[in-house]
Amino acid sequence: MLQIGLTHYLVLSAILFSLGILGVVTRRNAILVLMGIELILNAANINFIAFSRYGTLNLDGHMAAIFVIVLAAAEAAIALAIVLNIYKTFHTVNVDEINKLKE
Amino acid sequence: MSLIDILFYFFATIAVVSASIVVFSRNIIYSAFSLLFTFFAVAGLYVLLNADFLAITQLLIYVGGILVLMLFGVMLTHKVVSVDMKTGTLKILPAALITSMIAGTLIGIFTVTDWRVAPLQTGDPIPTAKGIGEMFMTTWLLPFEVASVILLIALIGAAIIARREKEAK
């Protein structure tokens with residue numbers, strides 16, 4: 001068996017990324033779509049850290065990952081506020097039933 | 001197999017299995033809680049990659065912040081006692097086909113490419129917190145300030161968006 005190297009982490013992040021895409025595309029619930037986005041961002045972060053460990057990226061990869069985490073936090077807060085508003089207006093959070101911008 | 005290899009496969013299995021539960025579970029509460037295990041497993045992988053500061057940040061922000069927000073969102077938008085907790089999927093078959101094609105392409109590219117790998121540093125891993133702090137205050141100062149402004153805007157914006165109902169009355 002191969003020693004754990006860069007490729008292992010890249011393959012793992014590819015799997016997580018695809019699962020995230022699948023979640024974003026197929027789930028009806030808006031919050032589950034958000035969870036899919038978080039999976040995608042985590043997969044990207046694994047790539048950054050793997051390259052900074054095995055490649056020549058050094059600490060720059062860590063910095064990029066930190067900024068991804070910061071933006072994910074901001075995005076989750078805003079998106080959940082919007083989802084709460086949608087629920088107040090339409091009484092549902094299923095993305096396939098929400099097709100109006102206004103009431 | 002060394003201990004690091006075993007730990008990698010352990011965390012990778014947890015991450016993939018719990019991410020599958022997030023995506024495929026019918027019950028949205030199960031999805032939210034298995035997202036917790038995905039975040040923990042990713043934090044473990046960060047530790048294996050010598051990223052101690054990021055592992056702690058992952059635990060604090062994702063598990064302590066984002067996941068709690070998600071759970072709040074789930075609880076506030078569903079009636080817990082009714083069957084509303086269940087949620088369906090749309091066009092799962094074509095989506096699964098296309099995503100598996102994406103996954104196949106990515107994994108193919110990742111395994112075939114001859115990555116330029118730096119010689120591995122041996123010996124004890126160096127703590128990263130000091131280096132990251134220095135880089136925040138020197139090379140990455142502008143992105144750092146912009147990120148703090150973005151966080152402030154997001155905070156105010158989220159509060160305003162979520163409170164709009166009262167204002168309208």
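None of the values given here were measured: they were computed from a predicted structure. In the text below, chain A, chain B and the rest are named by the order of the sequence lines, each starting its count at 1.
By number of non-hydrogen pairs under 4.5 angstrom with chain A, the leading residue of B:L155, B:L76, B:V23 is B:V23. Counting heavy-atom pairs under 4.5 Å between each of B:T38, B:L35, B:T139, B:L54 and chain A puts B:L54 at the top. Per-residue counts of heavy-atom pairs under 4.5 Å with chain B were compared for A:S52, A:A74, A:G5; the largest is that of A:A74. Considering only heavy-atom pairs separated by less than 4.5 Å from chain A, the leading option among B:I107, B:L69, B:I61 is B:L69. Top candidate by heavy-atom pairs under 4.5 Å with chain B, chosen from A:V24, A:N42, A:L34, is A:N42. By number of non-hydrogen pairs under 4.5 angstrom with chain B, the leading residue of A:L59, A:L12, A:L22 is A:L22. Note: B:I132 leads B:T105, B:I102, B:I132 in heavy-atom pairs under 4.5 Å with chain A. Interface summary for chain B: among A:N58, A:V83, A:V11, A:I49, the most heavy-atom pairs under 4.5 angstrom belong to A:I49.
For chain A, the nearby part of B:V42 is the side chain; its heavy atoms alone come within less than 4.5 Å. Heavy atoms of B:F8 lying under 4.5 Å from chain A belong exclusively to its side chain. Contact of A:I15 with chain B is made through the side chain alone, with heavy-atom distances under 4.5 Å. A:I21 touches chain B through backbone and side chain together, each having a heavy atom under 4.5 Å away. Neither the backbone nor the side chain of A:A79 has a heavy atom closer than 4.5 Å to any heavy atom of chain B. Heavy atoms of A:L16 lying under 4.5 Å from chain B belong exclusively to its side chain. Heavy-atom distances place no part of B:I98 under 4.5 Å from chain A, backbone and side chain included. Of the atoms belonging to A:L6, it is side-chain heavy atoms, and not backbone ones, that fall under 4.5 Å from chain B. With a 4.5 Å cut-off on non-hydrogen atoms, A:L80 touches chain B through its side chain but not through its backbone. Contact annotation for A:I86: neither backbone nor side-chain heavy atoms come within less than 4.5 Å of a heavy atom of chain B. Proximity to chain B is limited to the side chain of A:V93, based on heavy atoms less than 4.5 angstrom apart. For A:D60, the parts lying under 4.5 angstrom from a heavy atom of chain B are both the backbone and the side chain. A:F51 touches chain B through its side chain: at least one heavy atom from C-beta onward sits under 4.5 Å away, while N, CA, C and O do not. Interface remark: B:P94 contributes no atoms to any contact with chain A (heavy atom separation under 4.5 Å). For chain B, the nearby parts of A:L10 are the backbone and the side chain; heavy atoms of each come within less than 4.5 Å.
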Evaluate the criterion side chain to side chain contact (heavy atoms under 4.5 Å, CB included) for residue pair B:Y46 and A:N45; output intermediate values, then yes/no. CA-CA 9 Å; B:Y46 288 167; A:N45 266 353; 2.9 Å; yes
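Contact annotation: the side chain of B:F72 never approaches that of A:L84 to less than 4.5 Å [non-hydrogen atoms, C-beta and beyond]. Counting only heavy atoms from C-beta outward, the side chains of B:L49 and A:Y9 approach each other to under 4.5 Å.
The aromatic rings of A:F67 and B:W140 sit parallel to each other, their planes meeting at less than 30°, with 60° as the upper class boundary.
Using a 4.5 Å cut-off between side-chain heavy atoms of Ile, Leu, Val, Met, Phe, Trp and Tyr, with links allowed through other members, A:M35 and A:I37 fall into the same hydrophobic cluster. Connection of B:M137 to B:F53 is established within a shared hydrophobic cluster, with ILVMFWY side chains joined at heavy-atom distances below 4.5 Å, either directly or through further cluster members.
Of the possible polar contacts, none joining the B:N50 side chain to the A:R53 backbone as a donor-acceptor pair under 3.5 Å is found.
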